[in-house]
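Single-structure report; data block below.
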Amino acid sequence: MSNSNNNRKKQPGFWTYFAISMSIVIAVMAANFSAKAQTPHDSFTVEVIGSGKPVLMIPGLMSDARVWRPTAATLADNYQLHLISLAGFAGTPAVDGEHLPKVKQQLLQYIDQQQLQRPAVVGHSLGAFMAFYLASSNPEKIGTVVAVDGLPYLAPVFSGNNNVTVDQVKPQADDFRQQYRNMTAEQLAAITAQGIGRQAISAQHQQQVIAMAKASDASVVGQALYELLTTDLRQDVGKITSKVVLLGASGALADDTARDNARQLYQQQVANIAKATVNFNPAARHFIMLDDPKWLTAQILSALQE
């Protein structure tokens with residue numbers, strides 16, 4: 001009888017099992033919260049390749065990191081490349097609400113989290129705008145900026161002059177946001193195809209651009225366009241202290257007059273930056289990395305040299 005009683009005493013009771021179960025649950029919850037604290041960026045994903053000085057590479061509207069891979073393959077021997085894919089573009093899962101301010105905030109958090117020391121930022125189109133956004137809001141955190149056919153303010157590209165203001169284009173920006181919100185994937189692809197001759201030269205690259213557009217979230221595209229048209233960084237970029245190289249593409253422009261006007265518009269947009277230069281590729285179109293990768297890589301390598 002006494003042995004039976006002793007065995008019963010040795011068996012864990014209900015509260016022991018409860019305590020063990022709760023400790024497991026708490027440990028799992030803590031691990032989950034810790035993981036979320038370490039990776040707070042839902043507005044983008046990152047692929048890191050190479051080693052050396054850190055460089056963020058940000059694609060443009062309706063594009064993802066694939067556009068940077070050929071360039072990155074050359075740069076990876078000497079640089080640690082952080083290839084960014086923004087939420088809602090080219091199949092990357094979308095998030096609701098404001099787009100570009102959230103991306104900027106979370107990229108700055110990522111830079112701190114990864115302890116990146118003044119990383120360079122190479123951006124294409126919208127990604128170039130994001131490079132200006134990062135460098136003007138936190139100039140002490142950002143190194144060299146290479147802007148590939150993208151500007152501190154988008155609206156002058158449509159108006160043809162730098163006198164246009166946010167107030168003037170805001171009604172059109174609202175319309176764009178509403179129109180894109182209701183588009184299907186097929187409509188996104190179709191509207192991209194209408195202007196594809198200005199985007200890339202070869203049929204293969206044109207189809208790549210259209211496919212990325214078709215895989216994008218229309219609502220996010222509309223929100224990003226709205227923010228690009230209503231966020232004017234032309235004065236703010238005067239705060240940038242690092243080197244800035246703005247690369248334009250004039251291969252889709254009709255004549256020398258149009259090319260001269262484009263160069264003048266680009267130069268005016270970075271006129272407030274102390275260390276800014278503007279270079280144009282006369283043959284390439286908007287996706288310079290697809291049309292003339294050797295020229296672009298050479299320009300980036302030159303810009304990244306101290």
>> Determine whether F158 and V169 satisfy the following criterion, side chain to side chain contact (heavy atoms under 4.5 Å, CB included), listing intermediate values before the conclusion.
In response: CA-CA 10 Å; F158 298 108; V169 301; over 6 Å; no

> Does K239 come within less than 4.0 Å of E140, counting only side-chain N to carboxylate O?
Replying inline: no

> Got a second to check how far L100's CG is from T230's OG1, nearest 0.5 Å?
Replying inline: 8.5 Å

>> For D256, is there an ion pair with R259 - N to carboxylate O distance below 4.0 angstrom?
In response: yes

> Okay, side chain of T192, backbone of L188: is any donor-acceptor separation there less than 3.5 Å?
Replying inline: yes

> Taking side chain as C-beta onward, heavy atoms only, is L56 less than 4.5 Å from L107?
Replying inline: yes

>> Could you tell me if the side chain of V145 sits less than 4.5 Å from the side chain of I142, heavy atoms only?
In response: yes

>> Using every non-hydrogen atom in the two residues, find where P156 and N161 come nearest and quote the distance to one decimal.
In response: CB-O, 3.2 Å

>> For T241 versus P139, what's the shortest heavy-atom pair and its separation?
In response: OG1-O, 3.9 Å

>> Students often mix this up, so state it plainly: with edges at 30° and 60°, are the rings of H124 and H286 parallel, tilted or perpendicular?
In response: tilted

> Are the side chain of D291 and the backbone of I201 linked by a donor-acceptor contact shorter than 3.5 Å?
Replying inline: yes

>> Ignoring hydrogens, what is the shortest heavy-atom contact between D292 and A284? Give both atom names and the distance.
In response: CB-CB, 4.3 Å

>> Looking at Q268, is its backbone amide N or carbonyl O close enough to the side chain of R234 to form a donor-acceptor pair, meaning the two atoms are under 3.5 Å apart?
In response: no

> Roughly how far apart are T74 OG1 and L301 CG, rounded to 0.5 Å?
Replying inline: 8.0 Å

> Between V55 and L75, does a side chain to side chain contact (heavy atoms under 4.5 Å, CB included) hold up when you go through it step by step?
Replying inline: CA-CA 10 Å; V55 180; L75 299 177; 5.8 Å; no

>> If I take atom CG from residue D260 and atom CG from residue D255, how far apart are they, to the nearest 0.5 angstrom?
In response: 9.0 Å

>> Can a side-chain donor-acceptor contact be found between Y266 and D149 if the only test is distance below 3.5 angstrom?
In response: yes

> Have Q80 and S51 got a donor and an acceptor in their side chains that come within less than 3.5 Å?
Replying inline: no

> Are the side chain of S216 and the backbone N or O of A90 linked by a donor-acceptor pair below 3.5 Å?
Replying inline: yes

>> Could you go through F89 and H99, starting from their C-alpha distance and side-chain angles, then the distance that decides it, and tell me whether this counts as ring-ring contact (aromatic ring centres under 6.0 Å, His included)?
In response: CA-CA 11 Å; F89 298 158; H99 188 65; 5.2 Å; yes

> Taking side chain as C-beta onward, heavy atoms only, is K102 less than 4.5 Å from D42?
Replying inline: yes

> Does T92 reach the side chain of F44, with side-chain heavy atoms less than 4.5 Å apart?
Replying inline: no

> Would one find more than 12 heavy atoms of other residues, nucleotides or ligands at under 6.0 Å from atom CZ of R198?
Replying inline: no

>> For I84 versus P59, what's the shortest heavy-atom pair and its separation?
In response: O-CD, 2.9 Å

> Does NZ or CZ of R177 lie under 6.0 Å from the centre of the six-membered ring of Y226, at an angle within 45° of the ring axis?
Replying inline: yes

> Under 30°, 30 to 60°, or over 60°: which ring-plane class applies to Y110 and H82, parallel, tilted or perpendicular?
Replying inline: perpendicular

>> Any heavy-atom pair between the side chains of F132 and I273 that's under 4.5 Å?
In response: yes

> Minimum heavy-atom separation for P70 to R66, with atom names?
Replying inline: CD-O, 3.7 Å

>> Would you say Q223 and E227 are linked by a side-chain donor-acceptor pair, where the criterion is simply a distance under 3.5 Å?
In response: yes

> From Y180 OH over to S219 OG, what is the distance, rounded to the nearest 0.5 angstrom?
Replying inline: 12.5 Å

> So, Q168 side chain and T165 main chain: donor-acceptor pair closer than 3.5 Å or not?
Replying inline: yes

>> Looking at every heavy atom in both A200 and H205, which two are closest together, and how far apart are they?
In response: CB-CB, 3.9 Å

>> Between L126 and V95, is there shared hydrophobic-cluster membership here, with clusters defined by ILVMFWY side-chain heavy atoms closer than 4.5 Å?
In response: no

> Is there side-chain contact between T231 and Y153, with at least one heavy-atom pair below 4.5 Å?
Replying inline: no

> Do the ring planes of Y133 and F129 sit parallel (below 30°), tilted (30 to 60°) or perpendicular (above 60°)?
Replying inline: tilted

>> Strictly distance-based, threshold 3.5 Å: is any side-chain N or O of W68 a donor or acceptor partner for the main-chain N or O of I58?
In response: yes

>> Assess the residue pair M57 and M289 against the criterion (side chain to side chain contact (heavy atoms under 4.5 Å, CB included)); give the C-alpha distance rounded to whole Å, side-chain angles, the decisive distance to 0.1 Å, and a yes or no.
In response: CA-CA 12 Å; M57 304 190 78; M289 72 284 288; over 6 Å; no

> side chain to side chain contact (heavy atoms under 4.5 Å, CB included) between I210 and I196: does it pass, once the steps are laid out?
Replying inline: CA-CA 8 Å; I210 293 170; I196 197 62; 4.0 Å; yes

> Do F287 and V67 have side-chain heavy atoms sitting under 4.5 Å apart?
Replying inline: yes

>> Please check if the number of heavy atoms outside Q235 that lie under 6.0 Å from its CD is greater than 12.
In response: no

>> Please check this pair: side chain of T297 against backbone of P293, looking for a donor-acceptor N/O pair closer than 3.5 Å.
In response: yes

> With distance as the sole test, does S137 use its side chain to make a donor-acceptor pair with the main-chain N or O of L134 at under 3.5 Å?
Replying inline: yes

>> Whether D112 and K141 form a salt bridge (side-chain N of Lys/Arg under 4.0 Å from carboxylate O of Asp/Glu) is what I want to check.
In response: yes

>> Would a single hydrophobic cluster contain both L253 and I288, if residues Ile, Leu, Val, Met, Phe, Trp and Tyr are joined by side-chain heavy-atom contacts under 4.5 Å?
In response: no

>> So, taking the atom named CE in M212 and the one named OG in S85, what distance separates them when rounded to the nearest 0.5 Å?
In response: 10.0 Å

> Taking side chain as C-beta onward, heavy atoms only, is T277 less than 4.5 Å from V270?
Replying inline: no

> Is there a donor-acceptor contact under 3.5 Å from the side chain of Q269 to the main chain of L151?
Replying inline: no

> Distance from K53 atom NZ to L304 atom CG, nearest 0.5 Å?
Replying inline: 6.0 Å

> Counting only heavy atoms not in D96, do more than 12 fall under 6.0 Å of its CG?
Replying inline: no

>> Using a 3.5 Å distance criterion without hydrogens, assess whether the side chain of R181 forms a donor-acceptor pair with backbone atoms of V221.
In response: no

